[in-house]
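Keep in mind that this is a model prediction, so the values were computed, not measured. First listed ligand is number 1; within each ligand, the first listed atom is number 1.
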Amino acid sequence: MTAFRRILIANRGEIALRIMRACRSMGIETAAVYSGFDRDALHVRQADMAVPIGPAPARDSYLNIGTIISAAQRSGVDAIHPGYGFLAENADFAAACEEAGIAFIGPPSSVIRAMGSKAEARKIAREANVPVVPAATESDFSKLGFPILIKASAGGGGRGMRIVRGAAEFKEAFAAARGEAERAFADGTLLIEKYVEGARHVEIQILGDHHGNLIHLFERDCSIQRRHQKIIEESPSPAVTPELRKRMAEAALTLARKIGYTNAGTVEFLLAPSGEFYFIEVNTRIQVEHPVTEMITGLDLVRLQIEIAQGGKLPAQPQSSTGHAIEARLYAEDADNNFIPSTGTLHVWQPPHDIGGVRVDSGVEEGTEIGVHYDPLLAKIVAHAPDRDGAILKLVFALQHLAAQGVTTNREFLIDVLEHPDFRAGNAHTGFHLPPRAYDDAGRAKDEICATVASAYIEHTEHAQRQILPSIPVRFRNNPYPSPAMKLSINGREVESHKAEASVEILHVEPGRVDAGVDGIRHQFHIRPHGDQYFVHSNLVQRTVTRLPRYPRRAGAGSQESANSPMPGQVLRILVTERQAVKVGDPLIALEAMKMEQTIRANMDGVVKAILVKPGQIVAPGQMLVEIQSTEDAHVDANANRSATNR
Ligand code: ADP
Ligand code: ADP
Ligand code: MG
């Protein structure tokens with residue numbers, strides 16, 4: 001047995017941090033790799049050393065085998081952990097590690113290669129007498145009956161799949177799937193399977209060591225998916241009896257034995273409503289949802305992976321698990337808009353804490369940029385309780401006490417799924433989906449509460465500061481306080497803040513916080529201002545409230561406008577120069593206020609006529625910072641000037 005002294009982690013985000021935790025607990029040093037986009041990322045700062053591997057796009061960095069192998073050599077590691085995604089299931093990468101004499105923490109490259117093709121994996125499964133989904137070829141697909149599923153043999157992450165419900169659709173779907181598979185996986189091989197309707201996704205966690213031992217760690221039910229990718233996973237499966245569990249685990253181990261499986265892996269099955277189960281694929285790596293298994297077994301799967309790679313022996317086959325665990329994947333994506341990934345800055349990140357039996361695995365922090373280059377997974381929240389109802393309750397509670405703002409997330413969607421009667425009853429299968437959330441009275445009421453809280457906060461901070469800084473002249477306004485009805489919007493809708501009439505009573509305001517009575521019950525709201533945005537969150541509700549320009553005008557209309565400081569602060573940087581052309585939304589001034597950097601933006605198109613402040617200067621609320629002249633007026637002036645010089 002060779003103990004590793006240092007491991008390179010060929011990944012990023014939450015899984016890189018997760019692997020680092022295991023290494024730390026074993027006294028193993030870690031080397032991170034990072035793209036240009038991840039220069040300041042958490043995984044870089046938490047590693048013992050870090051190696052740059054290229055620009056942001058994954059194919060130029062995290063997917064570049066040569067660069068990663070040379071990073072491993074330069075940093076003098078004994079082993080590489082690939083995590084999941086990226087190169088984790090790339091047989092060429094595992095082979096390159098083997099050639100370079102670096103231990104690859106995963107199965108042998110030959111096993112990865114065989115299982116990387118779903119078609120090949122099916123063949124091997126059949127030879128091992130493991131039931132597979134009925135399949136066909138391009139010429140005899142109609143024998144399956146509809147619906148059928150076309151999928152990329154080399155696919156993963158649910159990408160490149162098409163359900164075909166009638167013969168007429170087949171040709172086009174097949175051609176489209178082929179193109180997609182070629183582009184995404186550089187392999188156009190397709191698989192045509194019977195689409196098993198109403199099936200559950202049930203998978204068996206397996207582990208094999210280099211001494212001939214193979215064990216399983218029970219099942220995970222991952223039936224809640226969107227776009228064929230899992231979002232909620234649990235164990236035990238509400239649909240699996242002890243007898244079925246035994247049969248599925250035996251099937252998984254039979255297959256594993258046949259292919260000489262070592263290290264951690266997952267054998268995925270579909271469990272049909274009839275009770276039959278069918279093999280679909282093997283994932284030859286640590287899985288996103290491995291914490292579910294860790295919570296019901298008390299084992300550390302990443303540690304076991306490392307021990308196996310070092311030549312260690314597996315523990316004995318566990319006979320039982322403890323309690324129930326459920327994981328929810330928090331993604332930066334818009335559940336109301338086809339789950340499109342959302343990008344931006346995560347301004348607020350407050351994971352739940354001090355909830356017994358709740359684990360949060362995340363790779364983000366406040367200020368993290370969520371870009372377009374990588375998977376938009378923000379965090380995994382996992383709850384463990386003695387029984388399923390308890391675990392669901394705890395997970396909902398944890399998600400309600402989690403604040404993630406600045407990018408759109410699926411947090412509310414996850415809560416809705418967990419609270420859905422079909423999920424609660426344990427009946428949800430892979431066809432389960434929720435319609436987009438309706439904007440109903442309840443949603444409107446929540447918007448109004450947040451708008452009211454935000455407007456109270458804005459008025460209070462502006463007013464309070466005017467009293468605290470009396471020596472600073474406040475720009476004259478006809479109606480200094482209370483300010484004219486403030487215009488606020490939430491999700492693009494203008495929302496009235498009915499301070500007087502709504503059943504919201506403002507009880508206390510302090511920096512970052514408003515206490516308000518809602519229908520006579522006192523609640524605490526946390527507020528984080530960022531420019532004209534106010535991130536409001538409480539355990540009741542989370543909203544981003546945007547302050548609209550006080551005197552809205554169409555872009556290009558009107559003549560003169562000024563950008564005023566919304567709150568007291570200090571000028572950090574001037575972002576424009578005089579006579580510079582600006583458009584609505586362009587940054588003008590960086591201001592430090594409420595201990596945060598705020599950007600003051602133009603609210604009309606035009607040119608900068610005058611900059612009225614200097615860096616370092618303290619400014620009062622409402623103080624004029626920059627004067628902007630509309631483009632049309634500027635033209636008139638410029639023409640006047642030109643004619644003056646011509647003359
Ligand atoms: P699991 O099978 O582990 O439950 P998924 O099927 O969702 O999880 O896929 C594993 C992870 O790998 C996901 O986060 C997925 O988005 C990610 N992934 C898949 N392909 C790529 C890729 N080309 N680059 C980066 N990440 C990827
Ligand atoms: P990936 O490699 O993208 O994870 P899988 O073959 O594991 O692809 O399938 C992902 C998901 O797609 C499954 O969990 C299931 O929901 C659905 N799926 C795959 N094959 C079938 C099938 N034959 N019938 C019904 N659903 C399927
Ligand atoms: Mg799969």
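Under 4.0 angstrom from ligand 2, there are no non-hydrogen atoms of Glu197. The parts of His228 lying near ligand 2 are both backbone and side chain, judged by heavy-atom distances below 4.0 Å. Counting heavy atoms under 4.0 Å from ligand 2, residue Leu270 touches it through the side chain alone.
Evaluated by nearest non-hydrogen atom to atom 16 (O) of ligand 2, the leading choice among Arg200, Glu193, Gln225 is Gln225. Distances from atom 24 (N) of ligand 2 to the heavy atoms of Thr430, Ile150, Ile280, Val196 put Val196 nearest. The residue from Glu89, Lys151, Lys118, Met161 that puts a heavy atom closest to atom 9 (O) of ligand 2 is Met161. Relative to atom 14 (O) of ligand 2, the option among His201, Lys194, Glu268, Gln229 with the closest non-hydrogen atom is His201.
The closest approach of Glu281 to the Mg ion (ligand 3), by N/O/S atoms, is made by OE2. In Glu268, the N, O or S atom that comes nearest to the Mg ion (ligand 3) is OE1.
Residue contacts with ligand 2: Gly158 is placed with a nitrogen or oxygen under 3.5 Å of a nitrogen or oxygen of the ligand (distance criterion only). By the 3.5 Å distance cut-off applied to N or O atoms, Tyr195 is not counted among the residues near ligand 2.
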| field | Chi angles and distances behind the ring-ring contact (aromatic ring centres under 6.0 Å, His included) call for Phe170, Phe141 | value | CA-CA 9 Å; Phe170 182 82; Phe141 66 86; 3.6 Å; yes
| Audit row: Arg162, Glu169, salt bridge (Lys or Arg N to Asp or Glu O under 4.0 Å) steps and yes/no | CA-CA 10 Å; Arg162 277 192 158 66; Glu169 296 167 30; over 6 Å; no
| Can you list the steps and then say if Tyr331 with Phe339 is a ring-ring contact (aromatic ring centres under 6.0 Å, His included)? | CA-CA 9 Å; Tyr331 280 101; Phe339 302 97; 9.4 Å; no
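Remark: ligand 2 atoms within the under-4.0 Å shell around heavy atoms of Glu281 are 1 (P), 2 (O), 4 (O), 5 (P), 7 (O), 8 (O). Here is the list of ligand 2 atoms found below 4.0 Å of a heavy atom in Gly155: 2 (O). Numbered from 1 in the order shown, with element, the atoms of ligand 2 that lie under 4.0 Å from a heavy atom of Leu149 read 18 (N), 19 (C), 20 (N), 21 (C), 22 (C), 27 (C). Short contacts between ligand 2 and Val133, defined as distances under 4.0 Å to a heavy atom of the residue, involve ligand atoms 23 (N).
Counting non-hydrogen atoms of neighbouring residues, nucleotides and ligands closer than 6.0 angstrom, the CZ atom of Arg126 reaches no more than 12 such neighbours. Taking a 6.0 Å sphere around CD of Glu98, one finds it holds more than 12 heavy atoms contributed by other residues, nucleotides or ligands.
Only one option out of Arg226, Gln225, Arg227 pairs with Gln229 in a side-chain hydrogen bond (donor to acceptor under 3.5 Å, both in side chains); it is Arg226. Looking at Arg220, His324, Glu327, Glu219 one by one, the single match for side-chain contact (heavy atoms from CB on, under 4.5 Å) with Glu234 turns out to be His324. Checked options Gln205, Lys380, Glu203; the residue passing with Glu289 is Glu203 (criterion: side-chain contact (heavy atoms from CB on, under 4.5 Å)).
With respect to Arg12 and Asp38, a salt bridge is recorded, a charged nitrogen being found less than 4.0 Å from a carboxylate O. Under 4.0 Å is where a charged nitrogen must lie from a carboxylate oxygen, and between Asp361 and Arg359 at least one such pair does.
Note on ligand 2: Lys230 sits outside its first shell, no heavy atom being nearer than 4.0 Å. Not a single heavy atom of Ala199 lies less than 4.0 angstrom from ligand 2.
With hydrogens and angles left out, the side-chain atoms of Gln287 and Thr266 include a donor and acceptor closer than 3.5 Å.
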